[in-house]
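It should be emphasised that the depicted structure is a prediction, and the values quoted were computed from it without experimental measurement.
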Amino acid sequence: MAEIRFSDNYNDISRRHGTDSGFQFEFFCERCNDTWRTEFIPYRTAQASGWLSKAAGVFGGVIGGTVGDAVEGVAEAGWSSAHDKAFAEAIEKAKQHFHRCPRCLQYVCGPCWHKDKGLCRNCSPSAEVEVEAARAEGEVEAAREKGREEGNRRGARIETGRDRQLVCPDCGHETEGAKFCPHCGRKLATKDQCPSCNTQVSPGTKFCPECGSKIQ
């Protein structure tokens with residue numbers, strides 16, 4: 001048999017053994033992935049072997065088992081040539097559903113094929129589609145820019161000089177920079193004052209680092 005050539009856009013879903021043995025192939029568009037499947041072609045020899053094996057198992061017949069083994073051997077011997085023939089026929093049918101782009105060498109379905117240009121839609125996209133896509137991209141980019149500008153304005157209003165406690169010293173929960181702990185209500189991010197020397201100390205400090213007086 002002559003060489004069989006085709007792209008990699010197919011799946012071989014043939015079944016080699018059993019009563020449902022047969023040949024079937026799926027071909028898919030390499031642009032949109034839509035799939036076209038060939039009609040199932042039974043492989044009668046392997047099916048007969050499957051039925052004989054079942055019969056031998058049910059009735060325990062030595063003759064049935066021997067015949068089944070013989071038919072199975074014939075089926076195995078003929079599988080490759082029968083498979084190649086079925087695949088070659090499947091390719092000829094697939095050629096009616098797919099086009100090979102001469103630029104990117106991909107196989108595409110009818111809707112993904114630009115008939116007037118003789119190219120796939122990836123290599124020869126619609127100008128109208130590209131205009132709409134570019135306009136949508138421009139709208140998104142402009143909206144992002146406005147969002148960044150608004151974010152800059154909001155960020156400029158955020159107080160950055162205030163100390164923030166990100167973890168409450170009392171309950172240990174995260175505070176996300178709040179002035180009061182959202183879990184226990186403790187006042188946060190404020191300096192305590194030493195009652196003796198009026199030195200500002202960090203929240204939770206028990207003794208003044210300046211004079212040693214007890215803070216709490």
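In this structure, the side chains of Ser213 and Cys197 stay at 4.5 Å or more apart for every pair of heavy atoms. Put simply, the side chain of Cys104 does not reach to within 4.5 Å of the side chain of Asn122, judged on heavy atoms. Looking only at side-chain heavy atoms (C-beta outward), Pro111 and Cys32 stay at 4.5 Å or farther from each other. By the 4.5 Å heavy-atom criterion applied to side chains, Cys109 and His97 are not counted as neighbours.
Using a cutoff of 4.0 Å between basic side-chain nitrogens and carboxylate oxygens, Lys146 and Glu149 are not scored as salt-bridged. Taking the charged nitrogens against the carboxylate oxygens, Arg148 and Glu141 do have a contact shorter than 4.0 Å, which makes a salt bridge.
Separating the OG atom in Ser21 from the CZ atom in Phe40 is a distance of 6.5 Å, to the nearest 0.5 Å. A distance of 10.0 Å separates NZ in Lys95 from CZ in Phe27, rounded to the nearest 0.5 Å. Rounded to the nearest 0.5 angstrom, Asp34 CG and Cys112 SG are separated by 7.0 Å. From His114, atom NE2 reaches atom OG of Ser126 across 7.0 Å, with rounding to the nearest 0.5 Å. Separating the CZ atom in Arg100 from the CD atom in Gln106 is a distance of 10.5 Å, to the nearest 0.5 Å. In this structure, OG in Ser80 is found 5.5 Å from CZ in Arg16, a value given to the nearest 0.5 Å.
Environment of CD in Glu39: sparse, with no more than 12 heavy atoms of neighbouring residues, nucleotides or ligands closer than 6.0 Å. Arg103 CZ: 12 or fewer foreign heavy atoms inside a 6.0 Å radius. At most 12 heavy atoms of other shown residues, nucleotides or ligands fall within 6.0 angstrom of atom CZ in Arg135.
When all heavy atoms of Pro182 and Thr175 are compared, the closest pair comes out as CD-CA, 4.1 Å. Across Glu30 and Asn9, no two heavy atoms sit closer than the pair CG-CB, 3.6 Å. Between Leu166 and Gly177 the shortest heavy-atom distance is CD2-N, 3.7 Å. Nearest heavy-atom pair across Val167 and Gly172 is CG1-O, 3.5 Å.
Note: His99 and Trp113 have parallel aromatic rings, judged against thresholds of 30 and 60 degrees for the angle between ring planes.
A distance-only check finds no donor-acceptor pair linking the side chain of Glu26 to the backbone of Arg37 [under 3.5 Å]. Panel note: side chain Asp12, backbone Ser14; a donor-acceptor pair is recorded below 3.5 Å. Formation of a donor-acceptor pair under 3.5 Å by the Glu210 side chain with backbone atoms of Thr199 is not found in this model. Remark: side-chain polar atoms of Ser81 are paired, donor with acceptor, to backbone N or O of Gly78 under 3.5 angstrom. For the pair Arg15 (side chain) and Asp20 (backbone), a donor-acceptor distance under 3.5 Å is present.
Aromatic rings of Phe28 and Trp36 (six-membered ring for Trp) have centroids beyond the 6.0 Å cut-off, not under it. For Tyr43 and His17, the ring centers are positioned 6.0 Å apart or more.
By the criterion of side-chain heavy atoms lying less than 4.5 angstrom apart, applied directly or through intervening Ile, Leu, Val, Met, Phe, Trp or Tyr residues, Phe23 is grouped together with Ile91 in one hydrophobic cluster.
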field: Test ring-ring contact (aromatic ring centres under 6.0 Å, His included) applied to Phe25 and Phe87, step by step
entry: CA-CA 8 Å; Phe25 306 89; Phe87 186 37; 5.0 Å; yes
message: Between Glu89 and Lys93, does the salt bridge (Lys or Arg N to Asp or Glu O under 4.0 Å) criterion hold? Intermediate values first, please.
response: CA-CA 6 Å; Glu89 293 174 353; Lys93 293 178 181 178; 5.7 Å; no
